[in-house]
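Down below is the structure, laid out as structure tokens.
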Amino acid sequence: MAQNENIAALAAAGVSVWLDDLSRDRINSGNLAELIATRGVVGVTTNPTIFQGALSKGHAYDEQVRALAARGADTDAAVRTITTDDVRAACDVLAPVFEQTGGVDGRVSIEVDPRLAFDADKTVAQAVELWKIVDRPNLFIKIPATEAGLPAITAVIEEGISVNVTLIFSVERYRAVMGAYLDGLRKARVAGHDLAKIHSVASFFVSRVDTEIDKRLEAIGTPAALTLRGKAAVANARLAYAEYLDVFGAGGDHASTYNDLSAAGANRQRPLWASTGVKNPDYPDTLYVTELVAANTVNTLPEKTLEAVADHGRVRGDTVSGTADEAAGVFEQLREAGIDLDDVFAVLEREGVDKFEKSWAELLEATTAELQAAGGN
């Protein structure tokens, strides 16, 4: 099957294309394998909202729910079994990519229970548990970048477990995430783990930044404010990439720690652009892909965005390197227009955790109903 030329151009520019979706139907029908073959998909991300959506559609899970009900599984155990089974199966589909890329891609992410986002110890315990249950080397455990999440990231990396840090909105928090990763690598080395086998991505959320800031710009309503709509998210991500280069780039000002660890086999923590489906229909539907092309990045796309890029995405090489000053200028203009950026990022983090908690609650509720309908407790 022929590879799509637009996706191939992204790969040539150093972007790993991941799918931001997973369901048992997608695995069993061969659709995931087809997207790997024809759309260059080299990884999969999941979250509580994705699993909630998967379980609410069709009948792919009916037989397993009946079996779980018959053996008296409670709701939490049932959800854990169902989600880890899907993720393990996806890991197996992507295993050849994992081998071909030396462990860089071919990854599948599973999130810790979002209700633990503010409890570091319980997050670590569940991360270790999920790692053991799925039992695949190409797994990523997703941990939110809340303040409580930072020490959890370090502790999980120290265990030799690969981590996808999620729900990053601000450059300031991103710096702390990179620090948590490097701290974890240092401790993993002391513990005797092979650093070459530990991988990480830092998931920087994109579209939600524009959604929140555009709303505030429209409330301000001045011509200067309105001209800034649709510019904040790309600028934010481009500033994040400059920070990535500072820590992990060959000539980065703060690269000494990574360089020391790299000599022991450590991998860079790649930036991952998440939430890349465009929310505003006035913006190009490929905006958060074509404007965020840079080496050693991941872009995880909903299928609708993936198909838009494959159909009409205009990939013109690196659109990020050298843009930091311009991006900083956008942020200065936002401040001058009256945008409180600290408040924006605090609101986005809180809403991000809340959204996943709500989806998780809906997932538990739906699973409870199905267990009961199948004759469980």
Side-chain angles (χ1 to χ4, degrees), residues 9-18 42-43 101-105 107 145 150 153-154 157 162-165 168-190 193-206 209 231-274 288-300 315-332:
L10 283 174
V15 179
S16 293
V17 172
W18 292 5
V42 293
T101 62
V104 174
D105 285 314
R107 296 275 173 176
L150 296 172
I153 293 158
T154 297
I157 293 290
S162 295
V163 173
N164 174 345
V165 183
I168 308 171
F169 294 99
S170 73
V171 171
E172 181 183 17
R173 184 58 57 84
Y174 177 47
R175 284 193 206 105
V177 165
M178 290 189 285
Y181 172 61
L182 294 171
D183 287 346
L185 288 177
R186 276 194 292 260
K187 293 182 176 184
R189 180 166 62 173
V190 171
H193 291 291
D194 181 355
L195 299 191
K197 292 183 177 175
I198 303 171
H199 286 257
S200 184
V201 292
S203 295
F204 208 84
F205 278 52
V206 184
V209 173
K231 293 184 178 179
V234 168
N236 198 36
R238 287 173 170 175
L239 287 171
Y241 190 76
E243 294 292 331
Y244 160 77
L245 291 178
D246 186 50
V247 173
F248 294 105
D253 291 344
H254 295 89
S256 58
T257 301
Y258 170 66
N259 290 339
D260 174 49
L261 292 163
S262 176
N267 299 289
R268 295 181 179 94
Q269 183 186 52
R270 291 185 295 169
L272 179 151
W273 313 130
Y288 303 128
V289 181
T290 58
E291 296 306 310
L292 294 176
V293 176
N296 296 311
T297 60
V298 179
N299 199 312
T300 185
V315 181
R316 52 192 198 283
D318 188 335
T319 51
V320 177
S321 298
T323 62
D325 287 347
E326 181 187 344
V330 170
F331 268 47
E332 191 53 42

Exercise for review: Check side-chain hydrogen bond (donor to acceptor under 3.5 Å, both in side chains) between Asn259 and all other residues, then give those that pass, not counting sequence neighbours.
Suggested key: none
Review point. Are Ser16 and Arg270 close enough that a side-chain donor and a side-chain acceptor fall under 3.5 Å?
Key: yes
Revision key, fill the gap. Closest non-hydrogen contact found for Val320 with Ala294 is CB-CB, 3.8 Å
Check your understanding: Which residues pass the side-chain hydrogen bond (donor to acceptor under 3.5 Å, both in side chains) test with Glu291, sequence neighbours left out?
Key -> Arg238, Arg316
Review point. Rounded to the nearest 0.5 Å, how far apart are CZ of Phe248 and CE of Met178?
Key: 6.5 Å
Practice item. May I ask you to decide if Ala180's main-chain N or O and Thr154's side chain share a donor-acceptor pair within less than 3.5 Å? Key: yes
Practice item. With sequence neighbours excluded, tell me which residues meet side-chain hydrogen bond (donor to acceptor under 3.5 Å, both in side chains) with Trp273. Key: none
Study note, to complete from the structure: Residues Ala202 and Ile168: closest non-hydrogen pair is CB-CD1, 3.7 Å
Practice item. Locate the shortest heavy-atom distance separating Val171 from Phe204; write the atom from each residue and the value. Key: N-CZ, 4.0 Å
Check your understanding: Is Ser170 reaching over with its side chain to a backbone N or O of Arg173, donor-acceptor style, under 3.5 angstrom?
Key -> yes
Exercise for review: For residues Val104 and His199, determine if any side-chain heavy atom of one lies less than 4.5 Å from a side-chain heavy atom of the other.
Suggested key: yes
Review point. Can you name the ring pair (Phe, Tyr, Trp, His ring centres under 6.0 Å) partners of Tyr181, sequence neighbours left out?
Key: none
**Study point:** Inter-residue atom distance Leu245.CG - Arg268.CZ, 0.5 Å rounding
**Key:** 9.0 Å
Revision key, fill the gap. Heavy-atom nearest pair, Tyr241 first then Ser321, reads CE2-OG, 4.1 Å
**Study point:** Pairs flagged by salt bridge (charged side-chain N to carboxylate O under 4.0 Å, His left out) wherever residues 239-255 is involved - sequence neighbours left out
**Key:** Arg175-Glu243
**Study point:** Sidechain-backbone polar pair: Asn299 side chain, Thr290 backbone, donor-acceptor under 3.5 Å
**Key:** no
Exercise for review: Could you pull out the closest heavy-atom pair between Ala233 and Val206, with the gap in Å?
Suggested key: CB-O, 3.2 Å
**Study point:** Side chain proximity check, Asp260 to Thr257, heavy atoms < 4.5 angstrom
**Key:** no
Review point. Can you check whether Tyr174 reaches Tyr244 side chain to side chain, under 4.5 Å on heavy atoms?
Key: yes
**Study point:** Atom pair OG1/CG of Thr319 and Leu292 - distance to nearest 0.5 Å
**Key:** 6.0 Å
Practice item. Only counting residues at least two apart or in another chain, list the ones meeting side-chain hydrogen bond (donor to acceptor under 3.5 Å, both in side chains) with Asp183. Key: Arg186
Check your understanding: Quick one: are Val42 and Thr101 in side-chain contact, heavy atoms under 4.5 Å?
Key -> no
Check your understanding: Does Gly14 offer a backbone N or O that forms a donor-acceptor pair with the side chain of Asn296 under 3.5 Å?
Key -> no
Review point. Any donor and acceptor pair, going by atom type alone, linking the side chain of Ser200 with main-chain N or O of Gln269 inside 3.5 Å?
Key: no
Practice item. Name the orientation class of the two ring planes belonging to Phe169 and Phe205 (parallel below 30°, tilted from 30 to 60°, perpendicular beyond 60°). Key: tilted
Point to revise | Nearest non-hydrogen partners of Ile198 and Asn267, listed with the distance | key: O-ND2, 2.9 Å
Practice item. Compare all side-chain heavy atoms of Val315 with those of Val15 and state whether any distance is below 4.5 angstrom. Key: no
